[in-house]
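What follows is a short report on a single structure.
Labels below follow one simple rule: chain letters A, B, ... track the order of the sequence lines, proteins then strands, and each chain is numbered from 1.
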Protein chains: 2
Amino acid sequence: MASSIHDLARHLNISIGTVSRALNGRADVNAETRQRVLEAARKLNYSPNQSGRSLRQGATRSIAFMLQPHPGDQQYGEPFFIPFLTGLQARLAEHELDLMVVMGEPGQYQQERLRRVVETRRADAVVLANTRREDDRIDYLSKAGFPFATLGRSQSGGDTYPSLDIDFERAGDEAVDRLVARGHRRIAAIRPSLDLNFGYLFLDGYRKALKRHGIEVDPGLIADGFINETGGYQVTPRVMLSKDRPTAIIFNNDAMALGGCKALAEMGIRPGHDIAVIVIVDTPLCRYFSPTLTAFRPALEPMGRRLAEMLLASLPAHAGPEGPRTIREVWPLELVARESD
Amino acid sequence: MASSIHDLARHLNISIGTVSRALNGRADVNAETRQRVLEAARKLNYSPNQSGRSLRQGATRSIAFMLQPHPGDQQYGEPFFIPFLTGLQARLAEHELDLMVVMGEPGQYQQERLRRVVETRRADAVVLANTRREDDRIDYLSKAGFPFATLGRSQSGGDTYPSLDIDFERAGDEAVDRLVARGHRRIAAIRPSLDLNFGYLFLDGYRKALKRHGIEVDPGLIADGFINETGGYQVTPRVMLSKDRPTAIIFNNDAMALGGCKALAEMGIRPGHDIAVIVIVDTPLCRYFSPTLTAFRPALEPMGRRLAEMLLASLPAHAGPEGPRTIREVWPLELVARESD
DNA sequence: CGTTTTTCCGTAAACGTTTACGAGAACACA
DNA sequence: TGTGTTCTCGTAAACGTTTACGGAAAAACG
């Protein structure tokens, strides 16, 4: 069914070498010949077989994205990633690169999946998300010399790979700023308990801002929980029952915020009235919850596009004339003020 | 860096043919030899290069999923698809098949992307979503003889491909049933204006149920809109301003329901009090909206797994002993009763 | 012991490309 | 006309596998 370059060559009474050169825009082919080849290719509906190309060129022209649902993330996964993926894929597609999505089992670590992709050369590069503070995946890829980029920073692997992250530190800082400006002094912080790096960054910003305002950090107002609704539900009462009750809470995750608000409701505490709530990393849920939740929003789709660019710039095969570069960027979040604070 | 089967053979003083047969579990290889090969493979960290395999075997061992954002679907795409994808990918991974995600530009039709995948043989089969009532993609794939399966039915292509769909007809029917049982007689239906097949199925069920209850179908209570929040916002007033105002609305899409509720709010009409609202196809938003929205929920993750099975069963290379089968299934939705009706 | 069968392995072709190399023809130049 | 250059194309190797085929050695059989 599928026509090969041999069919095309036979049909034109030409060698396959010439056909290939004509199609690939090489200079050493007569203009008229090229024309004939292109026309015949269109007529016979020829497209080069990707497996053949990959084998010969040692490049698959596809990029793997590793997405791993968090443990306990039952019903609906990460609405977070779809717009990011959209942007990533759009930019990759411009370079005729395809996107392979590799998901892990929720909770199980992704190493094996990753190894398989790398060792069987299924992709030319990898994009990692949900970076941990110390991340074996990064160590492994660095050691293997396999190209990759990450959404999110990590302490692993040094500065040898492109990374794009949200400025969680600044978000934590600004959230405190805003709350202090509105008269709050007892501000709680709730973040995921996993080793996810953004939890640390957020807390750094939170602490820094408190310090700047001369407010002492109260460990009783900082709590870690499972990174889902249940986690937020379980851990929120803990900070609320501390000796000197907080008047504001910053949640470092939307799902945890929703669970937290449920806990608050059961305690008869109304966000937006009795307590201020700010969420870091907005999702559609924040907009539709009642009360609507003030949140910091990242530009996910542009970030996807940007990370694709950064990854490509680091690949010798796609880098510009100045050669491969390793770019690292941290993007700000935009505050979306709503009712909850 | 990457070791090839040649390295392995040289290291063992064996021919590459034997190595390959040993690794692939062929019978005609000595038990001890096989053992040696397997050990060496582990030691040299050998995995077969996928491009080489693909070329030789004429199969890429990857499946393409075509995901197309709806036009105007700006910020957050389809939270709908993540759990489905999770299930799909999980089952495929069990067969060592990888998942390639191909997204179209929002609004632009996917034909070219699809052609590219098919003609360059990047994938062994395709999974389609967002099936239209008449769907060129299905026509194209059928004609090309390329294996595929669909999430959602279509009128195109006959019964020649596996498909898995939600029973929108029954959901429309049950929604009416429930509302009638609660005393409603004037029930509006709002659905997307695109040629998406589920819109038709839903309306069939809606009409059937009305008929059964002896209620005449009022065209003024049926409206089509853009399949997003804005669409719901724009079109809802239209049914509300019909001569005899409805006491209930069934939305055939969650985003449209949210926009519709916004329009209702602006008219001073409170869902759950002044009007009953039911949504077909639950998403997390329905659960967090205020009031929480009664909705029909599909089992997305199991559906993803099931469609993978159905697709595999239709592929000669993966079918069981009884040969390839074309399975088609329609799955029920589960009603999640909340506050809005 | 001779013959047949089985076991095991090496050889080589094939999958569909791309590309280094070289050669013939055409052309330019003196 | 002789020599060097440019243009254009064909040849063949290479990428890393799998697998059909055949043959040598070993085993089984009479």
Exercise. Assess whether one donor atom and one acceptor atom, taken from the side chain of B:Arg21 and the base of C:dG10, lie less than 3.5 Å apart.
Key: yes

Quiz item: Nearest to the side chain of A:Tyr46 - C:dG10, C:dT17, D:dG16?
Solution: C:dT17

Quiz item: If each of A:Ala31 and B:Ile5 is mapped to the nucleotide of DNA chain D with the nearest heavy atom, which maps nearer the 5' terminus, i.e. the 5' end?
Solution: A:Ala31

Self-check item: Residue whose nearest DNA chain D nucleotide is more 5′ - A:Thr33 or A:Leu55
Solution: A:Thr33

Exercise. Would you please confirm or rule out a distance under 4.0 Å between OP1 or OP2 of D:dT18 and any side-chain N or O of B:Ser20?
Key: yes

Exercise. State whether B:Thr18 places a side-chain N or O below 4.0 Å from either non-bridging phosphate oxygen (OP1 or OP2) of C:dC9.
Key: no

Quiz item: Please give, in whole Å, the distance from D:dT18 C1' to B:Asn24 CG?
Solution: 7 Å

Quiz item: Atom CD of B:Glu32 and atom C1' of D:dA25: how far apart are they, to the nearest Å?
Solution: 16 Å

Quiz item: Which comes earlier along DNA chain C counting from the 5' end, the contact point of B:Gly17 or that of B:Gln57, where each point is its nearest nucleotide?
Solution: B:Gly17

Self-check item: Any donor-acceptor N or O pair under 3.5 Å, side chains A:Ser15, A:Thr18
Solution: yes

Quiz item: Whole Å only: how far is the CG atom of B:Leu23 from the P atom of D:dG16?
Solution: 16 Å

Practice problem: Starting from C1' on C:dC9, measure out to CG on B:Asn13 and report it in whole angstrom. | Solution: 13 Å

Practice problem: Compare the minimum distances between each of C:dG10, C:dG16, C:dC9 and the side chain of B:Asn30, then state the nucleotide with the smallest one. | Solution: C:dC9

Quiz item: Rounded to whole angstroms, how far apart are CD1 on A:Ile16 and P on D:dT8?
Solution: 21 Å

Quiz item: Stepwise, does the side chain to side chain contact (heavy atoms under 4.5 Å, CB included) test hold for B:Asp7 with B:Tyr46?
Solution: CA-CA 9 Å; B:Asp7 304 327; B:Tyr46 168 78; over 6 Å; no

Exercise. Would you mind classifying the nucleic acid contact of A:Thr120 as base, sugar-phosphate or nothing, using non-hydrogen atoms under 4.0 angstrom?
Key: nothing

Quiz item: Quick one: do the B:Arg137 and B:Gln111 side chains pair a donor with an acceptor below 3.5 Å?
Solution: no

Quiz item: Does D:dG16 have OP1 or OP2 sitting under 4.0 Å from an N or O in the side chain of B:Arg53?
Solution: no

Practice problem: Starting from P on D:dG16, measure out to CG on B:Leu8 and report it in whole angstrom. | Solution: 14 Å

Quiz item: Taking the side chain of A:Arg56 as its heavy atoms from C-beta onward, which of D:dT18, C:dT19, D:dC9 lies nearest to it?
Solution: C:dT19

Self-check item: Side chain of B:Ser15 - closest among D:dT18, C:dT11, D:dT8
Solution: C:dT11

Self-check item: Atom-to-atom span, CG of B:Asp28 to P of C:dT5 - whole angstrom
Solution: 19 Å

Self-check item: Side chain of B:Arg26 - closest among D:dC9, C:dG16, D:dT19
Solution: D:dT19

Exercise. Might you confirm whether atom CD of A:Glu322 has over 12 heavy atoms from other residues, nucleotides or ligands at distances under 6.0 Å?
Key: yes

Self-check item: Flag side-chain contact, heavy atom, 4.5 Å: B:Thr120 against A:Asn49
Solution: no

Exercise. Write down the distance between NE2 (A:His6) and P (C:dA14), rounded to a whole number of angstrom.
Key: 11 Å

Quiz item: Angle class for the B:Phe84/B:Phe65 ring planes (parallel below 30°, perpendicular above 60°, tilted otherwise)?
Solution: tilted

